[in-house]
Asks: 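First the structure, then my questions, so here it is.
Side-chain atoms are counted along with the backbone in the values below, which use heavy atoms only and exclude waters and symmetry mates. What you see is a predicted model, and the numbers here were worked out from it, not measured in a lab. In what follows, chains are A, B, ... by sequence order, proteins preceding strands, each numbered from 1.
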Amino acid sequence: MGVEKLQSLRGMVDLLPAQLPAWQHVEAVARDHFRRAGLNEIRTPLLEVTELFARGIGEATDVVGKEMYSFEDRSQRRCTLRPEGTASVVRAVLEHGLLSQGPQRLWYGGPMFRYERPQAGRQRQFHQIGLEFLGAADPRSDAEAIAIAWDLLTALGASGLALELNSLGDANDRAAYRQALVGWLEQRREQLDPEACERIATNPLRILDSKNPATQAVLAEAPLLIDHLSAASRQRFEQVRQLLDRLAIPYQLNPRLVRGLDYYAHTAFEITSDQLGAQATVCGGGRYDGLVEQLGGPPTAAIGWAIGLERLIVLLERAGAAGAAVAVPAVYVVSRGPLAEAMALDLAMQLRRRGQAAELDLSGAAFSRQLKRADRSGAPWAVVIGESEAEQGVVLLKDLLGGGAEQRLSPPAVLAHLTGSAS
RNA sequence: GCGGGCGUAGCCAAGUGGUUAAGGCAGCGGCUUGUGGCGCCGCCAUUCGGGGGUUCAAGUCCCCUCGCUCGCCCCA
């Protein structure tokens with residue numbers, strides 16, 4: 001039969017005109033928050049050398065191990081569509097020597113790609129906005145980064161938010177803890193689910209995150225990372241907490257919060273909402289003091305986070321805080337007959353040149369049809385041009401919101417009337 | 001990658017093996033060859049995501065496949 005219908009790839013979704021006002025609203029509010037916080041935008045390529053993510057995110061992670069869109073280009077270079085933003089931002093900052101100009105306060109936004117099973121709030125192409133402070137070691141930067149995320153989400157009207165906080169300590173702390181945890185887990189191997197057993201060798205910290213109730217029950221007694229922090233790490237965490245208290249940002253300590261990407265250290269946090277179902281995390285982030293060095297740069301303290309826009313917009317819709325409707329024209333121009341139609345195009349363009357949103361009806365249908373559309377467009381004014389008006393060089397200006405009263409005016413008078421200039 | 005549910009027009013949706021696939025919204029045309037919001041009339045699925053099978057007969061049953069969805073996993 002007919003030609004096979006084409007459709008978008010699985011997990012790749014279109015954003016249609018009716019949805020975009022909500023997106024644009026979120027983006028505008030985010031931009032404004034970033035501007036006031038003294039952040040500068042950075043844009044990096046969607047496609048990067050695979051090694052950037054392998055080295056930056058960690059080979060043992062799920063994201064790198066099984067979720068990347070990787071392929072060889074025509075010159076046999078290993079390429080990957082970015083699964084997250086931080087590694088690219090760090091690469092760009094190093095490549096262009098931006099750190100020599102001092103600490104960098106950056107934000108970014110755009111599509112990310114992960115080959116996962118699509119689900120509510122989880123697509124294969126999804127969008128994040130995020131910020132990165134590079135060269136920021138002070139505990140105040142942790143609190144500031146979190147506060148900016150919290151303020152942004154709150155300002156947008158997100159509801160049911162909770163901030164979960166943990167400290168992962170530094171590399172030494174984690175090595176010590178890892179040893180203690182592995183020892184403890186080995187003793188209880190037979191009580192753990194098979195997946196957890198596998199992870200004892202590969203990524204034991206992630207076992208703490210297990211959703212398996214039986215495993216969680218066993219883990220209730222497990223040693224905690226927080227108890228293996230050095231005095232300095234502990235003190236640092238305490239400072240961050242005090243600053244958050246001072247900012248009146250509520251949080252819950254979650255000693256089991258272990259972020260999936262390898263580069264995190266010290267502060268780790270997630271902002272979740274109880275309105276989102278399984279994919280509850282709207283914002284995730286933390287400190288990644290080792291990453292810059294790992295990617296070939298100087299030792300550089302850093303912290304950042306990312307917000308998932310699809311999830312955020314779902315959240316705003318559920319909270320009834322979604323954006324405005326699609327654009328409404330100021331004038332709807334209706335015409336019939338060759339002379340009138342030419343005049344209508346000219347008038348519409350002149351209105352646009354003067355800053356007005358003018359919609360031109362090109363259907364050539366009966367006036368009743370055209371006016372029906374004018375009414376539905378929501379425009380407060382219609383300009384009506386028929387053959388007799390066109391011959392006399394005048395147009396009718398019709399008030400669609402009031403009683404529908406019409407004035408006969410010359411084109412310059414209409415322009416003056418609709419653009420608010422003195423008539 | 002694993003498990004459950006679902007798939008009728010642009011959208012919502014009736015239909016539960018018997019042969020012309022309800023209805024509503026939107027769209028298009030007309031009543032009104034020049035006037036909107038209301039009304040009335042007409043048009044809008046040779047076909048039920050796609051393919052195969054069972055049957056005299058399939059949107060309805062079976063298999064495969066694609067997609068959506070919910071959960072697991074992971075994460076934003």
Asks: Just checking A/Gly11: base, sugar-phosphate only, or nothing, at a heavy-atom cut-off of under 4.0 Å?
Replies: sugar-phosphate
Asks: Set out, in order, the CA-CA distance, both residues' side-chain angles and the distance that settles side-chain contact (heavy atoms from CB on, under 4.5 Å) for A/Glu27 and A/Ile129, then state yes or no.
Replies: CA-CA 9 Å; A/Glu27 287 162 4; A/Ile129 52 172; 5.5 Å; no
Asks: Decide whether a cation-pi geometry holds between A/Arg122 and A/Phe126; the criteria are a distance under 6.0 Å from NZ or CZ to the six-membered ring centre and an angle within 45° of the ring axis.
Replies: no
Asks: I want to verify a distance call: between B/A76, B/G71, B/G29, whose nearest atom is closest to the A/Ala365 side chain?
Replies: B/G29
Asks: Would you measure the distance from the C1' atom in B/U47 across to the matching atom in B/G37 and give it in whole Å?
Replies: 37 Å
Asks: In whole Å, what is the span from the CZ atom of A/Arg117 to the P atom of B/C66?
Replies: 11 Å
Asks: May I ask which nucleotide in the shown strands pairs with B/U35, Watson-Crick or G-U wobble, both distances under 3.5 Å?
Replies: none
Asks: In whole Å, measure the gap between the P atoms of B/U54 and B/C63 for me.
Replies: 15 Å
Asks: Which nucleotide, if any, forms a Watson-Crick or G-U wobble pair with B/C40, using both distances under 3.5 Å?
Replies: B/G30
Asks: Taking atom C1' of B/G1 as reference, at what distance in whole Å does atom CG of A/Asp62 sit?
Replies: 10 Å
Asks: Rounding to an integer number of Å, can you tell me how far A/Phe269 CZ sits from B/C75 P?
Replies: 15 Å
Asks: Which value, rounded to the nearest 0.5 Å, describes the distance between A/Arg236 atom CZ and A/Thr267 atom OG1?
Replies: 5.0 Å
Asks: B/C2, B/G71, B/C75: which one has an atom nearest the side-chain heavy atoms of A/Arg311?
Replies: B/C75
Asks: Which part of the nucleic acid does A/Gly121 contact within heavy-atom distance under 4.0 Å: base, sugar-phosphate only, or nothing?
Replies: base
Asks: Quick check on A/Arg78: does its CZ atom have over 12 non-hydrogen neighbours (other residues, nucleotides or ligands) under 6.0 Å away?
Replies: yes
Asks: Which is more 5' along RNA chain B, the nucleotide nearest A/Arg122 or the one nearest A/Gly285? Just name the residue.
Replies: A/Arg122
Asks: Quick one: on RNA chain B, does A/Ala120 or A/Val63 contact a more 5' nucleotide (nearest heavy atom)?
Replies: A/Ala120
Asks: Please determine whether a side-chain nitrogen of the Lys or Arg among A/Glu406 and A/Lys398 lies less than 4.0 Å from a carboxylate oxygen of the Asp or Glu.
Replies: yes
Asks: Expressed as a whole number of angstroms, how long is the span from A/Leu161:CG to B/A76:P?
Replies: 17 Å
Asks: What interatomic distance, in whole Å, is found between C1' of B/G27 and the corresponding atom of B/U16?
Replies: 33 Å
Asks: Using a 4.0 Å heavy-atom cut-off to protein, can you give one letter per nucleotide of nucleotides 33-40 of chain B, 5' to 3': B if the base is in contact, S if only the sugar-phosphate is, - if neither?
Replies: SBBBB---
Asks: Any strand is fair game: report the nucleotide pairing with B/C6 by Watson-Crick or G-U wobble, both distances under 3.5 Å, or none.
Replies: B/G67
Asks: Taking B/A22 as the reference, what is the distance to B/A9 when you measure between their P atoms (whole Å, please)?
Replies: 14 Å
Asks: For B/A22, which nucleotide is its Watson-Crick or G-U wobble mate, given both distances must be under 3.5 Å?
Replies: none
Asks: Is a donor from one side chain sitting under 3.5 angstrom from an acceptor on the other, for A/Arg311 and A/Ser273?
Replies: no
Asks: Could you check which nucleotide pairs with B/A57 in any of the strands shown, counting Watson-Crick or G-U wobble with both distances under 3.5 Å?
Replies: none
Asks: Counting any heavy atom closer than 4.0 Å, what does A/Ala374 reach on the DNA or RNA strands: base, sugar-phosphate only, or nothing?
Replies: nothing
Asks: Relative to the ring of A/Tyr288, is the ring of A/Tyr264 parallel (under 30°), tilted (30 to 60°) or perpendicular (over 60°)?
Replies: perpendicular
Asks: Between B/C68 and A/Arg10, is there an OP1 or OP2 to side-chain N/O distance shorter than 4.0 Å?
Replies: yes
Asks: My understanding is that a pair needs two contacts under 3.5 Å, Watson-Crick or G-U wobble. By that rule, which nucleotide pairs with B/G1?
Replies: B/C72
Asks: Whole Å only: how far is the CZ atom of A/Phe53 from the P atom of B/C74?
Replies: 22 Å
Asks: Provide the distance between the two P atoms, one in B/A26 and one in B/U19, to the nearest whole Å.
Replies: 32 Å
Asks: Please report the distance, rounded to the nearest Å, between NZ in A/Lys66 and P in B/G1.
Replies: 11 Å
Asks: Give the C-alpha distance, both sets of side-chain angles, the deciding distance and a yes or no for side chain to side chain donor-acceptor pair (under 3.5 Å) between A/Ser363 and A/Arg373.
Replies: CA-CA 10 Å; A/Ser363 68; A/Arg373 281 192 281 268; 2.7 Å; yes
Asks: Atom CD of A/Gln370 and atom C1' of B/C28: how far apart are they, to the nearest Å?
Replies: 14 Å
Asks: Quote, to the nearest angstrom, the P distance that separates B/G3 from B/C73.
Replies: 16 Å
Asks: Measuring only the C1' atom in each nucleotide, how far is B/C41 from B/G18? A whole number of Å is fine.
Replies: 34 Å
Asks: Using the P atom as the point on both nucleotides, what is the distance between B/G53 and B/G30, in whole Å?
Replies: 47 Å
Asks: With a sphere of 6.0 Å drawn around CD of A/Glu41, does it hold more than 12 non-hydrogen atoms of other residues, nucleotides or ligands?
Replies: yes
Asks: Measure the distance from CD on A/Gln119 to P on B/C6 and round it to the nearest whole Å.
Replies: 18 Å
